[in-house]
Amino acid sequence: MTLPEYFDHIRGRRVAVVGGGISNMPLVEMLLREGFDITLHDKKPRDELTDEVLKLESSGLKLKLGPGYLDGLEGDIIFRTPGLHPMTRELARARDNGCVITSEMELFLELCRGRLLCVTGSDGKTTTSNIIAELLKRAGFNVFLGGNTGRPLLADTDKIRQEDYVVAELSSFQLHSMRCRPDVSVITNISPNHLDVHPSFSDYLEAKSMIFKNQKPCDLLVLNADDAHSPGFAAAAPSEVFYFSGKMPVENGVFLSGGKIYRSTDGSPEFLMDSSEILLPGMHNRENFMAALTAVGGAVDARACRFVAASFKGVEHRLETVRKHKGITYINDSIATSPARTAAGLKIFKTKPVLIAGGYDKNLPFDELGDEIALKVKALFLTGDTALKIKSAVERSRYYSPSELPVATDGDFTAAVSAACRFATAGDTVLLSPACASFDMFENFEKRGEAFKRIIAGLE
């Protein structure tokens, strides 16, 4: 079915769209152009909506805003925002009343005609997705990249040919109720995350597993051989399973041994490159690269793999060097929205950075991160809802020494960043790596990273 055929199929039905964020607005605009009766439900009050959203009222868009935005939710078809759990009471009630619950990404995957590679995991999804796309482009393929990376794909549906590749990053929220069948599925790693929305860790795991549950034996699932949850995923997979590993050889997949990266088929390894050829720093980025190499397999030759390894500089807000000023290096890792992500980032530094952390509380434990901070951070500046939780975890650590690790808290983000900058001296690195989501102060991690970059750009 094409996108115009889908619109013809549902014509005359009432449509509700929950969430006026980046992923849903192209869908809203398309539905309005097609003449549908649409109500947009958004928890933001009117004065916080963008002008782009408000202008759509003149095209017939109805708005239900504020704290009661889900009250009376109804429609023949409801497109939910990825961040809203599909079993939310109002969605469940609408489903019981006969409403069809779907999402922009779900619809795209139903209509997509290209070769589909989907990536999920707790950390590294975006970097891995981007590396896959760069590898395939270098090999000469036409590639569409989007999904949870921030770029909706639905508007591209009718541009995509069967021979094209589509690389889609999928969050647990997007996957939760989805029946997708990727040609290749990738799970980078698993650690507790988003427990403010998922009712349990098992619910989070179940959502992640939906990336492969509907695959067929001819499809491929790529797993991290070093992750404790991979055996469970492999046992449940209906598809073939390949692995990547930074610790041991694998029979089918990609592994690191003696500083060299190999691609193995039926136990026969082929040398690809020295790991030092990968421009992105840190072991976690080597793992991201190996996941991507496993996903593309023989579609990309060794020469193209080495080119991308040596030239790919990473994605904005991911250990991004913002500025070097008066001997101090400023790094933006706003994407670090979990303790595991911040801990992984700390491992790349040869000298202890001045760390800025804290943000929205996703009900995640900080005990292990507390140990990492106590061991690997020169000074800690905390802000946001989780400031005191992180401070407590650090102070409980057996490695913590008050004389060696100053800890300061400030409820204001700008003040916390400024204090960290004043503390740093020549030779230091000031690192924004929050270990938390941004929603207590910012719309998303990108806005938080941009705020950090503006502060750093203004330093004299």
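Just so you know, these numbers use all the heavy atoms, side chains as well, and skip hydrogens, waters and symmetry mates.
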With a 6.0 Å cut-off (strictly less than), is the heavy-atom count around CD of Glu163, excluding the residue itself, greater than 12?
yes

For Lys447, side-chain hydrogen bond (donor to acceptor under 3.5 Å, both in side chains) partners two or more places apart:
none

Under 3.5 Å, sequence neighbours excluded: what are the donor-acceptor pairs made by side chains of residues 268-278?
residue : atom : partner : partner atom : Å
Asp274  : OD1  : Lys260  : NZ           : 2.9
Ser275  : OG   : Gly259  : O            : 3.0
Glu277  : OE2  : Asp274  : N            : 2.9

Residue list, side-chain hydrogen bond (donor to acceptor under 3.5 Å, both in side chains) with Thr88, at least two apart or on another chain
none

For His284, all residues meeting side-chain hydrogen bond (donor to acceptor under 3.5 Å, both in side chains), sequence neighbours excluded:
none

Who passes side-chain hydrogen bond (donor to acceptor under 3.5 Å, both in side chains) against Asn224, sequence neighbours left out?
none

According to ring pair (Phe, Tyr, Trp, His ring centres under 6.0 Å), does anything in residues 294-316 pair up with another residue at least two apart or in another chain? List the pairs.
none

Going by side-chain contact (heavy atoms from CB on, under 4.5 Å), name the residues that satisfy it together with Asp156, two or more places apart in sequence or in a different chain.
Phe144, Arg151, Leu153, Lys159, Ile160

Which residues pass the side-chain contact (heavy atoms from CB on, under 4.5 Å) test with Pro231, not counting sequence neighbours?
none

Tell me, which pairs form a salt bridge (charged side-chain N to carboxylate O under 4.0 Å, His left out) where one or both residues lie in residues 335-352, sequence neighbours left out?
Lys347-Glu372

Partners passing side-chain contact (heavy atoms from CB on, under 4.5 Å) against Pro4 (at least two apart in sequence or in another chain):
Thr2, Asp158

Can you list the residues that meet the side-chain contact (heavy atoms from CB on, under 4.5 Å) rule with Thr383, with sequence neighbours excluded?
Phe413, Ala416, Met441

Any pair with a residue in residues 286-313 that passes salt bridge (charged side-chain N to carboxylate O under 4.0 Å, His left out), sequence neighbours left out, goes on the list, sorted by first then second residue, please.
none

